[in-house]
> 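There's a structure below that I have some questions on.
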Number of protein chains: 2
Amino acid sequence: MENLNRLTRKPRQSDVAKRAGVSTAIVSLVLNGRLEGNVRISQQTQERVWQAIRDLGYVPNPVARSLAGGQNRLLGVFTYEAIFPLEQHDFFYPFLLGIEHEAESQGYDLLLFTQTDASKRRKVFLEGVNRLQLADGAVLLGQYSDRDELARLQQEGFAFVYVGRREVSGAEISYVAADYAAATAEIINRLLDLGHRRLLYLKVPQTSESSQDREAGYRQAFVKRGVKLDESSIVPLEEEADLQPLEGWLARGITAIISERPGLALRIVEAARKLGKQVPRDLSVATLGDVAGAPHLTAELTTFCIPRQEMGAEAVRLLLKRMESPPQTGPYRLLLPCTQTPGSTIGPPRHPKPRPTSQ
Amino acid sequence: MENLNRLTRKPRQSDVAKRAGVSTAIVSLVLNGRLEGNVRISQQTQERVWQAIRDLGYVPNPVARSLAGGQNRLLGVFTYEAIFPLEQHDFFYPFLLGIEHEAESQGYDLLLFTQTDASKRRKVFLEGVNRLQLADGAVLLGQYSDRDELARLQQEGFAFVYVGRREVSGAEISYVAADYAAATAEIINRLLDLGHRRLLYLKVPQTSESSQDREAGYRQAFVKRGVKLDESSIVPLEEEADLQPLEGWLARGITAIISERPGLALRIVEAARKLGKQVPRDLSVATLGDVAGAPHLTAELTTFCIPRQEMGAEAVRLLLKRMESPPQTGPYRLLLPCTQTPGSTIGPPRHPKPRPTSQ
DNA sequence: CTGAAAGCGCTTACAG
DNA sequence: CTGAAAGCGCTTACAG
């Protein structure tokens with residue numbers, strides 16, 4: 001560090017090489033620990049190089065490293081929404097926790113892409129340029145995603161893993177996802193086992209993969225149980241929907257409501273109580289997931305927890321695996337189990353189907 | 001995009017140049033819209049270049065661009081603790097919100113440094129090397145910081161801004177901080193104005209800059225008001241400290257307690273009530289800051305809010321200013337006002353000093 | 001075991 | 001108005 005103050009420019013590899021009395025190739029090899037192979041560098045030389053590096057306070061330029069074909073030990077993190085959102089504050093947090101932790105373990109730094117296009121929207125391709133290329137690979141997350149961009153990214157052979165299942169026609173996306181189907185099926189199984197036959201499944205109106213998976217789980221449970229599924233039991237409903245119909249549902253003999261959205265489930269429990277009904281005595285209510293960062297919100301509800309932190313960590317691991325293999329391989333996919341949380345909002349129905357009517 | 005499928009390698013600038021019958025320089029200029037200056041490129045040429053770009057599906061390599069261009073439009077974010085901590089979940093969040101938002105506005109991406117040294121601790125200098133140089137500049141934050149590293153970073157002329165005041169001997173650190181002194185003084189002023197004379201100031205045992213600033217504010221208020229400060233009114237106390245002494249304080253005639261820590265303040269209110277005292281009738285309680293991400297926790301308390309998001313955003317702005325100026329200039333510093341929140345835990349004391357004893 | 005050199009894909013003076 | 005060339009700071013064959 002002696003004369004850095006006199007120097008304006010940063011030291012570069014050639015400065016180190018000069019000072020250590022070796023070529024830049026040697027500096028590069030020492031720096032990258034490539035001490036095996038067909039090159040054997042004496043201990044002494046290595047020491048001289050490290051000393052020169054320390055003396056000069058040399059730091060390799062990651063951009064140059066990247067360009068020269070090496071890697072830069074940077075993992076990209078890309079989201080189509082702001083990664084630190086004001087509302088829904090906690091949505092990304094647990095994922096990031098897992099991503100950061102695993103990146104740290106693996107010795108990678110994180111590159112958060114925040115640049116937007118002219119219309120203030122986040123894009124992988126800005127003016128046709130794939131900016132994620134700055135990193136060795138990237139983890140993508142967020143509910144909204146631009147399918148065309150994902151397809152193009154995949155076609156380019158860029159190494160990325162999505163946190164959440166993403167299907168795009170013409171491209172096999174690698175992902176780490178929660179096993180919503182299995183977790184949903186398990187809840188429905190319990191309800192069927194308890195004797196419920198008149199279920200109502202309130203799903204989100206938009207069809208996302210996670211929503212499809214939950215619906216698939218719903219259907220699987222009926223098939224497995226050999227119970228005929230009433231197609232009209234699947235009803236798309238907005239989270240903020242008016243709960244007027246609740247009374248009608250109860251009158252129609254619905255004994256269990258499964259709401260895909262936790263918020264809606266909570267409102268249903270509340271509304272049912274307002275109608276003088278007890279949960280779960282008069283109505284069982286379940287939901288299909290927890291609220292990130294607010295487990296207490298769904299503590300009462302029968303539901304399952306999404307392993308967000310683990311998903312983040314596994315996404316990083318899968319990404320590294322993907323990065324080590326030739327482009328265009330894969331896809332790499334991993335399904336993580338959700339944890340069932342008992343809750344206290346489901347129970348046996350008042351009039352279980354199997355039981356004959358009272359004589 | 002005609003024969004991209006046949007081609008294994010991506011087209012590069014020279015391919016475009018060849019196809020358009022121009023030099024790479026022209027392609028670069030057209031691509032970057034540098035059509036003024038001392039170069040004038042005919043409409044026709046421009047069209048040929050764009051056509052070639054389209055024909056080949058050419059995408060400029062951002063890494064090469066960075067290397068040739070000198071900057072990489074990357075802003076570092078460094079913390080000595082994990083940036084997404086499990087406990088104290090919300091500590092960094094509002095700062096990051098501001099940082100991300102401002103970085104986005106300014107067209108920078110964020111580089112989160114997560115790499116650790118052999119003993120799993122975060123360091124700016126790993127093996128003697130300043131890793132922050134990966135970015136064009138960096139924002140540092142977190143309560144704990146390694147002063148030696150900050151000093152060295154400063155001496156190296158690296159462009160960085162700390163979120164929070166940091167004083168290091170022999171180095172003038174640039175920072176954006178909350179004006180704790182002014183905010184504290186304002187609260188103390190109010191108490192003095194209400195007639196309180198027997199105050200108790202519970203400060204954190206460790207001396208950090210923010211703690212010093214608050215204490216300074218406490219003292220300033222007395223000076224300004226011309227009231228003699230009782231040195232023994234300043235008591236270091238752990239957040240989790242036993243509140244046994246409370247009864248003694250009340251017996252000694254303390255009418256107002258100012259706790260630097262919100263958590264402790266809340267416990268004091270609670271403990272006082274358990275002793276049958278009313279707040280603020282029998283005891284005024286104030287604290288000197290809010291809890292990040294949980295404003296409701298301190299809603300009842302008389303305190304002030306720390307403008308965390310704004311601090312993050314201003315840190316980025318200051319950093320960009322710093323980056324534009326020659327190294328070794330500065331320091332760049334900014335003090336941001338806190339917002340007073342009324343709360344309901346202070347009121348006039350039972351026996352205001354100025355009032356003569358009842359006749 | 002070590003060095004000279006090409007090359008990664010751009011940008012930017014600098015000549016023409 | 002346009003082209004040839006140097007240079008950004010590395011890595012990696014390829015000679016010695």
Side-chain angles (χ1 to χ4, degrees), chain A residues 7-49 52-53 56-74 127-131 133-134 136 156, chain B residues 7-18 20-49 52-53 56-74 129 133-134 136:
Chain A
L7 253 52
T8 308
R9 68 169 176 75
K10 290 184 193 170
R12 29 173 209 245
Q13 208 180 55
S14 60
D15 297 320
V16 174
K18 214 167 291 167
R19 179 175 249 269
V22 297
S23 72
T24 61
I26 300 297
V27 176
S28 175
L29 294 174
V30 168
L31 211 51
N32 293 306
R34 304 172 67 91
L35 304 173
E36 348 64 34
N38 25 2
V39 199
R40 200 138 291 276
I41 302 171
S42 71
Q43 272 297 332
Q44 206 193 44
T45 304
Q46 290 181 42
E47 249 329 304
R48 278 212 318 282
V49 170
I53 287 173
L56 263 30
Y58 168 73
V59 180
N61 180 328
V63 173
R65 271 185 153 171
S66 237
L67 182 59
Q71 299 203 324
N72 51 24
R73 297 206 77 81
L74 252 38
E127 321 203 28
V129 172
N130 168 12
R131 304 180 39 265
Q133 288 185 61
L134 280 180
D136 293 339
E156 280 192 4
Chain B
L7 251 53
T8 308
R9 68 169 177 73
K10 291 187 195 171
R12 25 173 213 245
Q13 208 178 57
S14 57
D15 297 322
V16 174
K18 214 166 294 167
V22 299
S23 71
T24 62
I26 298 299
V27 176
S28 175
L29 294 174
V30 169
L31 211 49
N32 293 306
R34 303 173 70 90
L35 304 173
E36 349 64 34
N38 24 1
V39 198
R40 202 136 290 276
I41 301 171
S42 71
Q43 273 297 332
Q44 207 193 43
T45 303
Q46 291 182 41
E47 249 329 303
R48 277 212 318 281
V49 169
I53 288 175
L56 296 171
Y58 168 72
V59 176
N61 179 331
V63 173
R65 276 185 149 171
S66 264
L67 183 59
Q71 299 205 326
N72 52 22
R73 297 202 78 81
L74 254 37
V129 159
Q133 288 185 56
L134 289 186
D136 294 340

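Each chain gets a letter, A, B and so on, in the order the sequences are listed, and its residues count up from 1. What's counted below: heavy atoms across the whole structure, side chains too, no hydrogens, waters or symmetry copies. Computed from a predicted model, the values in this text were never measured in an experiment.
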> Please determine, by modelled atom types, if B:Asn61 and A:Gln133 share a side-chain donor-acceptor pair under 3.5 angstrom.
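No.
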> Just compare C:dT11, D:dC10, C:dA4 and give me whichever is closest to any side-chain atom of A:Tyr58.
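Comparing C:dT11, D:dC10, C:dA4 against the side chain of A:Tyr58, the answer is D:dC10.
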> Expected output check: what is the dot-bracket annotation of DNA chain D, where ( ) and [ ] are pairs inside the strand (brackets for crossing ones), | is paired with another strand, and pairs are Watson-Crick or G-U under 3.5 Å?
|||.||||||||.|||
> Of all heavy-atom pairs between A:Pro60 and A:Leu31, which one has the smallest distance, and what is that distance?
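Here A:Pro60 and A:Leu31 meet closest at CG-CD2, 3.6 Å.
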> Whole Å only: how far is the NZ atom of A:Lys18 from the C1' atom of C:dT2?
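Value for this atom pair: 18 Å.
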> Counting only side-chain nitrogens and oxygens, does B:Arg65 get under 4.0 Å of the OP1 or OP2 atom of D:dC8?
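So the side chain of B:Arg65 is outside the cut-off, no N or O lying under 4.0 Å from OP1 or OP2 of D:dC8.
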> Over all heavy atoms of both residues, which pair between A:Leu134 and B:Ser66 is shortest? Give the atoms and the distance, please.
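Reported closest heavy-atom pair: CD2-OG, 4.4 Å.
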> Rounded to whole angstroms, how far apart are CG on A:Asn130 and P on C:dG9?
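These atoms are roughly 15 Å apart.
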> Looking only at heavy atoms, what is the nearest atom pair of A:Arg48 and A:Gly21, with distance?
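That closest heavy-atom pairing would be NH2-O, 4.1 Å.
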> Counting only side-chain N and O atoms of A:Gln44, is one of them less than 4.0 Å from OP1 or OP2 of C:dC1?
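For A:Gln44, the contact criterion (side-chain N or O under 4.0 Å from OP1 or OP2 of C:dC1) is not met.
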> Using a heavy-atom cut-off of under 4.0 Å over every strand shown, decide if B:Ser66 touches base, sugar-phosphate, or nothing.
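B:Ser66: no heavy atom of the nucleic acid under 4.0 Å.
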> Hey, which sits more toward the 5' end of DNA chain C by its nearest nucleotide, B:Pro60 or A:Ser42?
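Nearest-nucleotide comparison on DNA chain C picks A:Ser42.
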> For D:dT2, take OP1 and OP2 only and decide whether either is under 4.0 Å from a side-chain N or O of B:Thr45.
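Yes, within the criterion.
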> Using a heavy-atom cut-off of under 4.0 Å over every strand shown, decide if A:Val27 touches base, sugar-phosphate, or nothing.
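The answer is nothing, as A:Val27 stays clear of every strand by at least 4.0 Å.
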> Rounded to the nearest 0.5 Å, what separation is found between the OG1 atom of B:Thr24 and the NZ atom of B:Lys18?
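Reported value, rounded in 0.5 Å steps: 11.0 Å.
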> If you check the A:Asn61 side chain, which of D:dG9, C:dT12, C:dG9 turns out closest?
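Selected nucleotide: D:dG9.
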> For A:Leu29 and D:dC14, what is the distance between atoms CG and P respectively, to the nearest whole Å?
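My rounded result for the distance is 15 Å.
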> Work out which heavy atom in A:Arg73 is nearest to a heavy atom in A:Asp136; give both atom names and the distance.
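Minimum heavy-atom contact is N-OD2, 2.8 Å.
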> Closest approach of B:Ile26 and B:Val49, non-hydrogen atoms and distance?
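Smallest interatomic distance, heavy atoms only, reads CG2-CG2, 4.3 Å.
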> For B:Asn32 and C:dT11, is the shortest distance between a side-chain N/O and OP1 or OP2 below 4.0 Å?
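For C:dT11, OP1/OP2 do have a side-chain N/O of B:Asn32 under 4.0 Å.
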> Between B:Arg34 (CZ) and D:dT2 (P), how many Å, whole number?
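In whole Å, D:dT2 P and B:Arg34 CZ are 17 Å from each other.
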> Atom CG of B:Leu67 to atom C1' of D:dC8: distance rounded to whole Å?
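Whole-Å distance recorded here is 4 Å.
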> Separation of A:Ile26 atom CD1 from D:dA15 atom C1', in whole Å?
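Taking CD1 of A:Ile26 and C1' of D:dA15, I get 14 Å after rounding.
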> Looking for any heavy atom pair under 4.0 Å, which part of the strands does A:Val63 touch: base, sugar-phosphate only, or nothing?
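A:Val63: no heavy atom of the nucleic acid under 4.0 Å.
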> Students often get this wrong, so: under 4.0 angstrom with heavy atoms, is A:Ser14 touching a base, only sugar-phosphate, or nothing?
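Result for A:Ser14 = nothing.
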> Would you mind reading off the distance between B:Leu31 atom CG and C:dT12 atom P, rounded to a whole angstrom?
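These atoms are roughly 12 Å apart.
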> Rounded to whole Å, how long is the line connecting atom CD1 of B:Ile53 with atom P of C:dG9?
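B:Ile53 atom CD1 is separated from C:dG9 atom P by 16 Å.
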> So, is A:Arg12 close to the D:dG9 phosphate, meaning a side-chain N or O under 4.0 Å from OP1 or OP2?
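So the side chain of A:Arg12 is within the cut-off, an N or O lying under 4.0 Å from OP1 or OP2 of D:dG9.
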> CG/A:Leu56 to CZ/A:Arg12 distance, rounded to the nearest 0.5 angstrom?
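Nearest 0.5 Å value for the CG-CZ distance: 11.0 Å.
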> Rounded to the nearest 0.5 Å, what's the gap from OG on A:Ser23 to CD on A:Gln13? Could you check?
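Taking OG in A:Ser23 and CD in A:Gln13, the distance rounds to 8.5 Å.
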> What's the separation between atom CG in B:Leu29 and atom OG1 in B:Thr45, rounded to the nearest 0.5 Å?
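Answer rounded to 0.5 Å: 11.5 Å.
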> Write down the protein N/O and nucleotide N/O pairs, taken from nucleotides 5-7 of chain C, whose separation is under 3.5 Å; answer none if there are no such pairs.
none

> Would you indicate whether the side-chain heavy atoms of B:Val16 and B:Pro11 approach each other to under 4.5 Å?
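Answer no - side chains too far apart.
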> Given C:dT2, D:dT11, D:dA4, which nucleotide is nearest the side-chain atoms of B:Ser23?
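Looking only at heavy atoms from C-beta outward on B:Ser23, the closest nucleotide is D:dA4.
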